[in-house]
Structure formats: C-alpha cells, structure tokens
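Remarks on the structure that follows.
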Amino acid sequence: MRIRIVDAFTDRPFAGNPAGVLLLDAFPDDDRLQRVALEVNHAETAFAHPLPPGGEADWALRWFTPATEVAMCGHATLATAHVLHTTGAHEGPVRFATRSGVLVATPGEDGAIALDFPTAPLRRSRLRRVAEALGADPLTVLDTGPHIGDLLVEVADEGTVRRLTPDHKALGALSRRGIIATARADDPARGYDFVSRCFFPNVGIDEDPVTGSAHTALAPFWSERLGRAALTGLQASPRSGRVRTELRGERTLLGGSAVTVIDGELLA
C-alpha cells in the first residue's frame with residue numbers, strides 16, 4: 001500500500017489538518033483498515049478505490065480515525081481529491097461514494113478544491129452540562145444532526161474560543177462525536193468571519209486541527225447571523241487552517257487547498 005500524508009485546508013506544509021490517503025484496488029477487511037489508520041495515527045486516514053464507469057460515483061471512499069470509522073470527514077476528502085488530481089489518477093470533478101451519500105470534489109483554477117457536502121440540520125439542544133465540560137458559558141447550543149453528531153456551542157467572543165481548556169472526558173458524555181465551539185471573529189479585516197475549535201474525544205481526537213465536516217454546521221449558523229452565503233472560517237487550533245464556506249440550501253460548499261508532505265510505502 002502506498003501512503004501519502006496530506007496537509008488539508010492549508011497552502012503550506014506543517015499547517016492545516018494532516019490526513020493519510022491510500023488509493024487501493026479494493027477495500028481489505030475492516031480490521032486491516034483500522035490497523036493502518038492506527039499506525040498512521042492522524043485524525044483521519046482515507047481509503048479509496050475506483051468504481052466501474054457509468055455509475056453515480058467514480059471512487060468509493062471511507063474514513064477511519066485511530067479508534068473508529070466515521071460517517072463524514074471533510075479534510076480527508078479534500079486530501080484524497082488532492083492526491084487524485086496531483087497524481088493524475090482522476091481529472092476534473094470526482095464523485096465519492098461514502099456513508100454520507102455521494103460527495104463531489106471539484107478542483108479550481110487556483111489549485112483549491114471545493115467539496116459539495118450536505119448541510120447539517122441544526123436544532124436547539126437543552127443540555128445543561130456544557131459550561132462545566134467546555135469551561136465557558138454557552139450563548140447557544142445546537143445539535144448538528146446524524147451525519148456529524150456534534151454539539152455546536154456559541155461562546156462570547158473569539159478570545160474565549162482560543163482560551164478553551166475543556167474537560168475532554170466530560171465532553172464525551174454530551175454528544176456522539178464531540179463539541180464544536182465557535183464565536184464571531186473579533187476583526188473580519190483579518191480575512192475570516194468566525195472562529196472555531198473542535199473537540200472529539202469519542203472518536204479518539206481530543207482536538208481536531210481543521211474540521212471540514214464541522215463547517216457544514218458552522219456555515220448555516222453564521223450565514224443566518226451575518227446575512228451572507230459565502231464566508232470564511234478560521235479553526236483556531238495550534239496548527240490552524242481556513243475553510244471557505246458557501247451555503248446553498250441543503251448543500252454546503254467547503255473550499256480549501258492541500259499540500260502533500262510525505263509519500264511512502266506500507267511494508268507490513
């Protein structure tokens with residue numbers, strides 16, 4: 001198996017969110033996929049193989065954290081599309097068959113890639129233990145629906161998001177995957193409209209560097225508040241990264257660049 005490590009949602013190496021990408025002829029058994037993902041030990045490892053021509057999708061795609069398979073992952077999808085395009089394995093828009101339906105990745109002239117994902121259905125949550133677990137008082141708490149499985153928590157300001165030191169064990173009891181903490185940008189002149197951080201203890205990721213799937217919830221939340229369909233989010237993790245979002249009703253476009261930093265071979 002040839003393994004590439006790709007930094008996604010960034011245009012420079014050692015930033016954004018790293019993902020393992022393996023292009024295969026077919027999927028081996030699930031235990032093998034999980035063991036490889038644990039060995040790669042990034043937030044997600046993506047496994048893809050080509051599908052017969054003429055169908056609704058071009059490639060089958062699955063995502064694994066070091067602990068489990070997940071239903072949706074933005075940055076590893078971006079990383080996979082980047083590998084397909086830069087290696088010549090696929091040209092033009094690529095359709096991925098996934099557990100979240102068919103997801104399309106379209107390359108742009110500037111080298112960035114736009115992902116077409118389902119918009120998260122947001123609804124109010126009445127959980128009352130969020131403040132203690134997160135370490136900040138929530139202004140708004142929303143459930144993000146079945147594909148993502150997070151709570152979206154708005155806090156007072158950008159500084160509060162950046163200073164969070166949550167109790168990861170306590171967060172794990174609040175939702176299926178974890179918590180998306182967000183606030184409006186202090187100064188939009190810096191090139192982003194909102195900030196976020198993502199904590200996913202239930203899938204073995206205390207803090208995810210840059211989370212594409214979370215932006216399918218952040219996009220409708222902030223588009224409604226800011227009155228614009230097209231926005232830019234900054235995920236304020238130590239590695240950091242920016243995600244361009246465009247709300248299109250039941251679909252959300254997620255835009256970003258990627259950089260391959262490692263290209264190697266699995267010998268085991």
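The figures that follow rest on heavy atoms only: side chains count, while hydrogens, waters and symmetry mates do not. It should be emphasised that the depicted structure is a prediction, and the values quoted were computed from it without experimental measurement.
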For [X] and [Y], indicate whether the former's side chain and the latter's backbone hold a donor-acceptor pair under 3.5 Å.
| X | Y | answer |
| --- | --- | --- |
| His85 | Pro107 | no |
| Asn202 | Gly172 | yes |
| Ser223 | Ala219 | yes |
| Arg251 | Asp116 | yes |

Determine all donor-acceptor pairs shorter than 3.5 Å in which one atom belongs to a side chain in residues 9-20; sequence neighbours excluded.
residue	atom	partner	partner atom	Å
Thr10	OG1	Arg12	N	3.2
Thr10	OG1	Arg12	O	3.2
Asn17	ND2	His75	ND1	3.2
Asn17	ND2	Asp208	OD1	3.1
Asn17	ND2	Asp208	OD2	3.4
Asn17	ND2	Val210	O	2.7

Between atom [atom1] of [X] and atom [atom2] of [Y], what is the distance when rounded to the nearest 0.5 Å?
| X | Y | atom1 | atom2 | value |
| --- | --- | --- | --- | --- |
| Glu44 | Met72 | CD | CE | 12.0 Å |
| Leu84 | Phe96 | CG | CZ | 5.0 Å |
| Leu218 | Leu247 | CG | CG | 12.0 Å |
| Asp143 | Leu174 | CG | CG | 11.5 Å |
| Leu23 | His90 | CG | NE2 | 12.0 Å |
| His215 | Leu115 | NE2 | CG | 12.0 Å |

Tell me whether [X] is salt-bridged to [Y], with the criterion being a basic N under 4.0 Å from an acidic carboxylate O.
| X | Y | answer |
| --- | --- | --- |
| Arg244 | Glu246 | no |
| Arg62 | Glu69 | yes |
| Arg95 | Glu56 | no |

Joint hydrophobic cluster, [X] plus [Y], side-chain heavy atoms closer than 4.5 Å:
| X | Y | result |
| --- | --- | --- |
| Leu226 | Val161 | no |
| Val243 | Phe200 | yes |
| Ile179 | Phe221 | no |
| Val195 | Val130 | yes |

Taking C-beta and beyond as the side chain, do [X] and [Y] meet within less than 4.5 Å on heavy atoms?
| X | Y | answer |
| --- | --- | --- |
| Asp193 | Trp222 | no |
| Ile180 | Val153 | no |
| Ser237 | Arg197 | no |
| Thr65 | Val70 | yes |
| Glu207 | Pro166 | no |

- Item | Arg184 to Phe194 six-membered ring, cation-pi geometry met (6.0 Å, 45°) |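 Negative - Arg184 is either too far from the ring of Phe194 or too far off its axis.
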- Task: Begin from the C-alpha positions of Thr144 and Leu122 and carry the test side-chain contact (heavy atoms from CB on, under 4.5 Å) through to its verdict.
- Result: CA-CA 5 Å; Thr144 61; Leu122 303 179; 4.1 Å; yes
Can a side-chain donor-acceptor contact be found between [Y] and [X] if the only test is distance below 3.5 angstrom?
| X | Y | value |
| --- | --- | --- |
| Gln235 | Thr211 | yes |
| Trp59 | Thr80 | no |
| Thr77 | Trp63 | yes |
| Tyr192 | Glu158 | yes |

For [X], is the [atom1] atom crowded, meaning more than 12 foreign heavy atoms sit under 6.0 Å from it?
| X | atom1 | answer |
| --- | --- | --- |
| Asp31 | CG | yes |
| Arg176 | CZ | yes |
| Arg228 | CZ | yes |

- Task: Begin with the C-alpha distance, continue with both residues' side-chain angles, and end with the deciding distance and a verdict on side-chain contact (heavy atoms from CB on, under 4.5 Å) for Thr216 and Ile148.
- Result: CA-CA 9 Å; Thr216 67; Ile148 302 178; 3.0 Å; yes
Nearest heavy-atom neighbours spanning [X] and [Y]:
| X | Y | result |
| --- | --- | --- |
| Ala81 | Ala105 | CB-CB, 3.6 Å |
| Pro118 | Leu103 | CD-CD2, 3.7 Å |
| Arg248 | Leu253 | CZ-CD1, 3.3 Å |
| Ala48 | Leu61 | CB-CD1, 4.0 Å |
| Leu78 | Gly256 | CD1-O, 3.6 Å |
| Cys198 | Ala214 | SG-CB, 3.7 Å |

- Task: List in chain and number order the residues that pass side-chain hydrogen bond (donor to acceptor under 3.5 Å, both in side chains) with Gln34, two or more places apart in sequence or in another chain; answer none if no residue qualifies.
- Result: none
Side-chain donor-acceptor contacts of residues 131-140 below 3.5 Å, not counting sequence neighbours, with atom names and distances?
residue	atom	partner	partner atom	Å
Thr140	OG1	Glu154	OE1	2.9
Thr140	OG1	Arg225	NH2	3.3

- Under the side-chain contact (heavy atoms from CB on, under 4.5 Å) rule, what do Val6 and Val83 come out as? Steps first, then yes or no, please. CA-CA 8 Å; Val6 178; Val83 170; 3.7 Å; yes
- Note on the structure: So ring-ring contact (aromatic ring centres under 6.0 Å, His included) across residues 124-173, not counting sequence neighbours, yields His168-Phe199
- Query: Other hydrophobic cluster members with Ile262, side-chain heavy atoms of Ile/Leu/Val/Met/Phe/Trp/Tyr under 4.5 Å, chained?
  - Reply: Met1, Ile3, Ile5, Leu22, Leu24, Phe27, Leu33, Val36, Val40, Phe47, Phe64, Val259, Val261, Leu266
- Message: I'd like to know whether Leu152 forms a side-chain contact (heavy atoms from CB on, under 4.5 Å) with Thr182, so could you lay out the CA-CA distance, the side-chain angles of the two residues, the decisive distance to 0.1 Å, and finally the verdict.
- Response: CA-CA 7 Å; Leu152 175 61; Thr182 188; 3.8 Å; yes
- Contact list for residues 252-266, test side chain to side chain donor-acceptor pair (under 3.5 Å), sequence neighbours left out: Arg2-Asp263, His82-Thr260, Thr119-Thr252
